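Chain identifiers are assigned alphabetically (A, B, ...) following the order of the sequence lines, protein sequences preceding nucleic acid strands; residue numbering begins at 1 within each chain. Quick caveat, the model's predicted, so the values are computed rather than measured.
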Amino acid sequence: MTNPYLDARFQPLSGTFIMYYLRTPRDNLDAIRGQLARRGGDVPWDRLRTLIEQRRTLTGQAEQLRHELKQGSDGVAKLKREKQSADACMAAMKVIGEQIKMIEGELRNVEEALTDLNLRIPNLPHSSVPIGKDAGDNQEARRWGSPPLLTTPAKSHWELGEDLGILDFDRAAKISGARFAVLTGAGARLERALINYMLDLHTTQHGYREVLPPFLVNRTSMTATGQLPKFEEDLFRLSDEDYFLIPTAEVPVTNLHRDEILSESALPIRYAAYTPCFRREAGSYGKDTRGLIRLHQFNKVELVAFAKPDQSYEELERLTGHAEAILQGLGLHYQVVTLCTGDMGFSAAKTYDIEVWLPSQSQYREISSCSNFEGFQARRAGIRYKDAAGKKGQKTEFVHTLNGSGLAVGRTLVAILENYQQPDGSVTIPEVLRHYMGGMERIKKE
RNA sequence: GGAGAGGUGGCCGAGUGGCCGAAGGCAGCAGUUUGCUAAACUGCCGUAGGGGGAAACUUCUACCGAGGGUUCAAAUCCCUCCCUCUCCGCCA
């Protein structure tokens with residue numbers, strides 16, 4: 001049995017990951033089982049338990065034998081130095097060596113099975129997360145602003161955009177296919193203005209360091225943040241190389257510190273990154289087929305944070321607030337909801353979604369998702385921290401990782417078109433964006 | 001794509017089969033000393049897992065890019081892969 005996630009073509013996941021992950025379930029398998037039951041899902045607990053037992057037994061045997069081998073080999077060296085015959089000892093050690101190989105073979109099989117299984121177990125929800133089975137059980141946390149007062153029936157963003165000549169879906173379909181869009185003229189510039197506005201606000205007002213990462217990443221990175229092994233069908237992958245197009249900047253940016261030990265004084269570390277995002281959208285046939293809401297490629301400014309465990313929930317509130325600040329600056333009405341256990345993503349311990357008001361649909365649509373992953377990604381990625389001074393007794397611990405969209409740029413553009421539409425079909429540009437638009441105040445038909 | 005050189009602890013850098021978890025140096029930490037931030041000296045100073053101990057600590061195992069192999073014994077020998085650097089080609 002081969003495990004592609006430990007494939008030697010790429011850096012395998014660190015030993016740290018494997019050991020920790022195997023250990024936790026053993027210590028409190030039942031507690032974890034209980035917590036996990038709240039999010040539904042299926043974990044083969046008996047098989048897990050058996051594998052853990054097997055691993056423990058085999059590891060003990062292997063260590064004992066290796067110890068004997070080491071002693072014996074040292075004995076051989078000593079005998080040879082004293083010009084005595086070591087043949088008997090060498091023969092005995094050869095037997096032990098063979099036993100070790102056998103046991104290590106079994107151990108490898110058990111560890112691969114265990115690793116693969118562990119990688120497919122979702123994160124435990126935080127105690128403050130409401131229990132529920134789907135989006136209907138999410139809880140509204142707060143609302144900001146109010147819907148715009150439109151004097152005419154609200155047009156959809158694709159009608160507005162196509163009428164204004166700034167959105168072109170037909171040509172996008174010709175060049176690429178369904179679920180792609182072309183922005184032109186003031187539309188392209190508005191998208192770029194939004195990216196700049198968001199990055200500028202986060203880097204100058206909110207304390208984030210800007211990052212421009214690769215958009216293609218390897219399998220190990222995808223596994224570390226939790227997209228793999230379970231969700232490969234959601235990703236675009238190159239056929240000739242084992243590279244994946246990132247579905248979010250969370251992947252490259254979180255992996256920035258993979259297999260590193262950060263100094264405690266450096267925390268929290270905050271990054272803001274603009275990247276395009278690529279998603280297969282498998283299984284979403286028929287949903288949001290028109291417009292910019294659900295595309296195979298879209299732009300996003302992502303916020304990523306690494307925090308000490310005792311500060312990560314404070315950080316989640318702060319990060320969510322930073323995403324909200326963008327919407328407030330743009331004057332867009334939104335609500336924040338706390339996702340219930342059944343609606344949360346695989347890797348998250350707690351998630352807030354920010355949903356912006358879309359007049360044409362008379363509903364709130366997700367524009368940001370802010371999550372605390374606690375140690376889930378950090379364990380998979382081997383991201384730890386330690387006191388800078390390296391004082392005695394200072395334990396290296398896993399950091400908590402967080403991230404959130406700040407914001408999804410395409411959907412923000414949608415919200416602006418729809419919320420700022422005028423009776424004549426033009427669109428007013430929010431104040432804060434005007435200097436990024438060369439002073440333009442309104443998008444009119446060209 | 002072609003040719004070559006390399007990957008050792010936070011960093012630099014020794015180490016071509018056993019006495020090597022790894023010399024030495026730098027940085028860091030603790031302390032001593034000199035009437036000041038500078039210097040000298042001494043000690044400590046990787047990660048993970050298991051056992052023992054209240055703890056300081058101790059003991060076992062693994063790790064010298066990754067994986068496999070040879071051997072009683074591998075940082076050291078062999079194979080595969082990944083990565084980095086230099087030169088040529090190509091290209092933004």
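- In this model, no donor atom of one side chain and acceptor atom of the other lie less than 3.5 Å apart for A:Glu374 and A:His400.
- Nucleotide B:U61 has B:A48 as its partner under the Watson-Crick or G-U criteria, with both atom distances under 3.5 Å.
- Within residues 99-108 of chain A, the residues having any heavy atom closer than 4.0 Å to RNA chain B are, in order of number, A:Lys101, A:Arg108.
- Taking the C1' atoms as reference points, B:G7 lies 15 Å from B:G15, given to the whole Å.
- Residues passing the side-chain contact (heavy atoms from CB on, under 4.5 Å) test with A:Thr428, sequence neighbours excluded: A:Tyr420, A:Gln422, A:Arg434, A:Arg442.
- Pair assignment for B:C26 gives B:G10, based on Watson-Crick or G-U wobble hydrogen-bonding distances that are each under 3.5 Å.
- With a 3.5 Å ceiling on both atom-pair distances, the Watson-Crick or G-U wobble partner of B:G4 is B:C85.
- By the side-chain contact (heavy atoms from CB on, under 4.5 Å) test, A:Glu260 is found to be paired with A:His257, A:Leu262, residues two or more places apart in sequence or in another chain being considered.
- Among residues two or more places apart in sequence or in another chain, the side-chain contact (heavy atoms from CB on, under 4.5 Å) test is passed with A:Phe236 by A:Leu245, A:Phe278, A:Arg280, A:His296.
- Between the side chains of A:Asn123 and A:Ser347, not a single donor N or O lies within less than 3.5 Å of an accepting N or O.
- With sequence neighbours excluded, the residues forming a side-chain contact (heavy atoms from CB on, under 4.5 Å) with A:Gln84 are A:Leu79, A:Glu82, listed by chain and number.
- Residues satisfying the side chain to side chain donor-acceptor pair (under 3.5 Å) test with A:Glu159, not counting sequence neighbours, are A:Ser156.
- Spacing of C1' atoms, B:A66 relative to B:A75, comes out at 14 Å, to the nearest Å.
- Qualifying side chain to side chain donor-acceptor pair (under 3.5 Å) partners for A:Arg49, counting only residues two or more places apart in sequence or in other chains: A:Asp30.
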Scan nucleotides 76-80 of chain B against the protein and return all N/O pairs shorter than 3.5 Å with their distances rounded to 0.1 Å.
none

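- Judged by Watson-Crick or G-U wobble contacts below 3.5 Å, the nucleotide B:C91 has no partner.
- Here A:Met93 lies in heavy-atom contact (under 4.0 Å) with sugar-phosphate atoms only.
- If you take atom P in B:C79 and the same atom in B:G6, they sit 15 Å apart, rounded to whole Å.
- Between A:Arg384 and B:A48 there is a side-chain polar atom (N or O) within less than 4.0 angstrom of OP1 or OP2.
- Each of A:Thr59 and A:Asp74 lies near RNA chain B, and the nucleotide nearest A:Asp74 is the one positioned closer to the 5' end.
- Residues A:Tyr208 and A:His322 bring a donor and an acceptor atom of their side chains to less than 3.5 Å of each other.
- Straight-line distance from the CG atom of A:Asp259 to the P atom of B:C82: 19 Å, rounded to whole Å.
- Rounded to a whole angstrom, the distance from the P atom of B:C64 to that of B:C26 is 27 Å.
- The side-chain hydrogen bond (donor to acceptor under 3.5 Å, both in side chains) pairs that include a residue from residues 85-106 of chain A are A:Arg66-A:Glu104, where partners are two or more places apart or lie in different chains.
- Within the structure, ring pair (Phe, Tyr, Trp, His ring centres under 6.0 Å) contacts touching residues 62-115 of chain A (residues at least two apart or in different chains) do not occur.
- For the pair A:Asp87 CG and B:A73 P, the interatomic distance rounds to 15 Å; values are reported in whole Å.
- Taking atom C1' in both B:C19 and B:U33, the straight-line distance is 38 Å, to the nearest Å.
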Taking N or O atoms only and anything under 3.5 Å, show me the protein contacts with nucleotides 58-64 of chain B, one pair per line.
unit_1, atom_1, unit_2, atom_2, d
B:C60, O3', A:His67, ND1, 2.8
B:U61, OP1, A:His67, ND1, 2.8
B:U61, O3', A:Arg66, NE, 3.4
B:U61, O2', A:Arg66, NH2, 3.3
B:A62, OP2, A:Lys70, NZ, 3.1

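- Note: CZ (A:Arg258) to P (B:G65) measures 18 Å, nearest angstrom.
- As rounded to whole Å, 12 Å separates atom P of B:G67 from atom CD of A:Glu111.
- Base-pair partner of B:G31: B:C41 (Watson-Crick or G-U wobble, both distances under 3.5 Å).
- Remark: the separation of the P atoms in B:G52 and B:C41 is 44 Å, to the nearest Å.
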Taking only distance into account, with no hydrogens and no angle test, what donor-acceptor pairs under 3.5 Å do side-chain atoms of residues 184-193 of chain A form with protein atoms, sequence neighbours excluded?
unit_1, atom_1, unit_2, atom_2, d
A:Thr184, OG1, A:Gly165, O, 3.0
A:Glu191, OE2, A:Asn299, ND2, 2.8

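- Donor-acceptor pairing under 3.5 Å is recorded for the side chains of A:Gln377 and A:Thr401.
- A straight line from CE of A:Met90 to C1' of B:G17 spans 13 Å, rounded to a whole angstrom.
- Among the heavy atoms of the strands lying under 4.0 Å from A:Leu69 are primed sugar atoms or P, OP1, OP2 only; no base atom is included.
- Residue order along RNA chain B, read from the 5' end via each residue's closest nucleotide, puts A:Arg81 first among A:Arg81 and A:Cys89.
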